[in-house]
Amino acid sequence: ARYRALLHSLDDAIARCQILLDESGRTVDHRFLEVNPAFEALAGLPGAALIGRAACEMLPTMGRAWADLCDREWTPGTVVHFEQRGERPDRWYAVRAFGLGGDQVAFLLRDVSEQQRARAALQASSVQHGELLESISDGFFVLDENLVTTYFNRAAEQLLGRRREEVLGRPLFEAFPEAAGSILEEKYTEALRTRVFLTFETRFEVEPYADWYDVRVYPRSDGIAVFFQVITERMLAEDALRHSEERFRVSQELSLDAFTLMESVRDDTGRIVDFRWMYVNPTAARILKHSPVELVGQRLLEVLPGNRT
């Protein structure tokens, strides 16, 4: 219940999926098992239309990227980060994929279209990029080669509780001594030295800034540009999802009782006409004489037509 409440309250889109493999063991697609309201809004489809269906069928651009970029062995705790274009060409998403154990993986997507436009605006006139960078929800600041703050947007003021007048023209870690010597200083210095894009997530422990942060660092000719968001709620939801799935899986995989989860399938009038398997434990699979992989996502009456009335 706790994880479901967190899942449904997030602005970030989350989809829990089953990994689909070909005969050689290569990942070729993912089947939706659960999505939150934010994912429904992203897809433009209700959860009922997605659950049990293949990602490449329902969201072909995103589904193909998931299969290509996530073809690996997944264990609980495995995490992969990437950015991808959405079904609409003007939408971009930062994706965090994490293993849940067994044949399941979860995708957490955050809309970074504003960031993409802001990066482009950095190449435009100061008036244009100033207007856009003040409007985005991401915290954003620019540091010169000496880590002196030369720009600090409105969202950064709100997220960090500091007015720009207190920060501009000062070395960042003089303005924020709590972060001196932290991974933040380490990463910003590395980006200045290597001139390579960096992305990382970190838990900062020192008050008043104790939170989880998602940080993206972009090299510039005269320093670095930094986008950041506070992601504490997202990390709590991910942790709850992983532990909820683990507890459920262990209890049901070891159970001597047959257990399945099914969702109803309705016709255009709303009448229930079938059911679709969402989970099948080993005991139920033995009784049904089909493996869980063969059953999950399939309709009851397609697999067991004798149940028609």
Side-chain angles (χ1 to χ4, degrees), residues 10-13 38 81 83 85-86 90-96 108-180 182-192 195-204 206-235:
L10 278 183
D11 292 332
D12 295 316
H81 298 267
E83 288 190 3
R85 192 183 295 275
D90 63 333
R91 309 310 297 179
W92 281 85
Y93 298 93
V95 183
R96 176 184 172 90
L108 188 150
L109 299 89
R110 179 165 62 87
D111 191 323
V112 293
S113 306
E114 286 184 341
Q115 282 191 11
Q116 292 285 343
R117 289 191 289 272
R119 280 178 236 160
L122 286 171
Q123 309 302 319
S125 73
S126 58
V127 173
Q128 289 174 313
H129 90 238
E131 290 175 351
L132 182 53
L133 293 170
E134 286 303 308
S135 71
I136 64 175
S137 59
D138 283 44
F140 174 81
F141 56 86
V142 177
L143 305 177
D144 69 13
E145 293 186 347
N146 296 310
L147 295 177
V148 171
T149 311
T150 62
Y151 187 87
F152 200 75
N153 79 342
R154 185 178 298 116
E157 290 183 304
Q158 295 169 346
L159 291 170
L160 298 177
R162 298 289 296 276
R163 292 182 296 111
R164 68 188 70 189
E165 292 81 7
E166 301 175 280
V167 178
L168 291 176
R170 300 176 63 188
L172 183 71
F173 299 104
E174 177 185 298
F176 295 92
E178 301 87 351
S182 70
I183 188 175
L184 299 170
E185 184 172 10
E186 175 189 331
K187 292 293 187 181
Y188 298 163
T189 303
E190 179 185 345
L192 281 170
R195 303 292 179 182
V196 173
F197 164 72
L198 295 176
T199 179
F200 61 97
E201 294 172 348
T202 185
R203 166 70 180 170
F204 192 72
V206 183
E207 295 292 351
Y209 308 111
D211 263 313
W212 275 96
Y213 295 90
D214 176 86
V215 185
R216 286 172 165 73
V217 187
Y218 297 87
R220 290 163 48 94
S221 60
D222 57 352
I224 56 174
V226 180
F227 292 87
F228 72 93
Q229 281 201 343
V230 175
I231 58 167
T232 303
E233 285 190 1
R234 182 202 309 175
M235 299 302 287

Quick one: does [X]'s side chain get under 4.5 Å of [Y]'s, heavy atoms only?
X: Tyr188; Y: Val217; value: yes
X: His81; Y: Val95; value: no
X: Pro171; Y: Val148; value: yes
X: Ile231; Y: Asp12; value: no
X: Phe141; Y: Val167; value: no

Given 3.5 Å as the limit, does a donor-acceptor pair link the side chain of [X] with the main chain of [Y], or not?
X: Asp111; Y: Tyr93; value: no
X: Arg195; Y: Arg220; value: yes
X: Ser113; Y: Trp92; value: yes
X: Glu166; Y: Arg163; value: yes

Separation between [atom1] of [X] and [atom2] of [Y], rounded to the nearest 0.5 Å:
X: Asn146; Y: Asp222; atom1: CG; atom2: CG; result: 11.0 Å
X: Arg164; Y: Tyr151; atom1: CZ; atom2: OH; result: 6.0 Å
X: Arg154; Y: Glu134; atom1: CZ; atom2: CD; result: 4.5 Å
X: Leu172; Y: Phe152; atom1: CG; atom2: CZ; result: 7.5 Å
X: Arg216; Y: Leu198; atom1: CZ; atom2: CG; result: 11.5 Å
X: Lys187; Y: Ile224; atom1: NZ; atom2: CD1; result: 12.0 Å

query = Would you call Arg110 and Asp214 a salt bridge, taking side-chain N to carboxylate O under 4.0 Å as the test?
reply =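 So Arg110 pairs with Asp214 through a salt bridge.
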
ask   = Using a distance-only test with no angle check, is there a side-chain donor-acceptor pair under 3.5 angstrom linking Asp138 and Gln229?
value =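 There is such a pair between these side chains.
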
request  = Could you tell me whether the side chains of Thr150 and Asp144 share a donor-acceptor contact shorter than 3.5 Å?
outcome  =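 No pair is found: no donor N or O on one side chain lies under 3.5 Å from an acceptor on the other.
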
remark   = What one should report as the nearest heavy-atom pair of Ala155 and Ile136 is CB-O, 3.7 Å

query = For the residue pair Leu159 and Ser137, what are the closest heavy atoms and their distance?
reply =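 Looks like CD1-O, 4.3 Å.
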
request  = Please step through side chain to side chain contact (heavy atoms under 4.5 Å, CB included) for the pair Phe228 and Leu160, ending with a clear verdict.
outcome  = CA-CA 11 Å; Phe228 72 93; Leu160 298 177; 3.8 Å; yes

task = Evaluate the side chain to side chain contact (heavy atoms under 4.5 Å, CB included) criterion for residues Thr149 and Leu143: first the C-alpha distance (whole Å), next the side-chain angles of each, then the deciding distance (0.1 Å), finally the verdict.
result = CA-CA 5 Å; Thr149 311; Leu143 305 177; 3.6 Å; yes

task = Describe, in one word, how the ring planes of Tyr213 and Phe204 are oriented to each other, choosing from parallel (under 30°), tilted (30 to 60°) and perpendicular (over 60°).
result =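 Taking Phe204 first and then Tyr213, their aromatic rings stand perpendicular (interplane angle over 60°).
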
query = Hey, what's the ring geometry for Phe176 with Tyr209, parallel, tilted or perpendicular (30° and 60° as the breaks)?
reply = perpendicular

task = Let me see the working for Val226 and Phe140 under side chain to side chain contact (heavy atoms under 4.5 Å, CB included), right down to the final yes or no.
result = CA-CA 6 Å; Val226 180; Phe140 174 81; 6.0 Å; no

Criterion side chain to side chain contact (heavy atoms under 4.5 Å, CB included) on Met235 and Glu201, from CA distance to verdict = CA-CA 10 Å; Met235 299 302 287; Glu201 294 172 348; 4.0 Å; yes

query = Can the ring centroids of Tyr218 and Phe227 be said to lie less than 6.0 angstrom from one another?
reply = yes

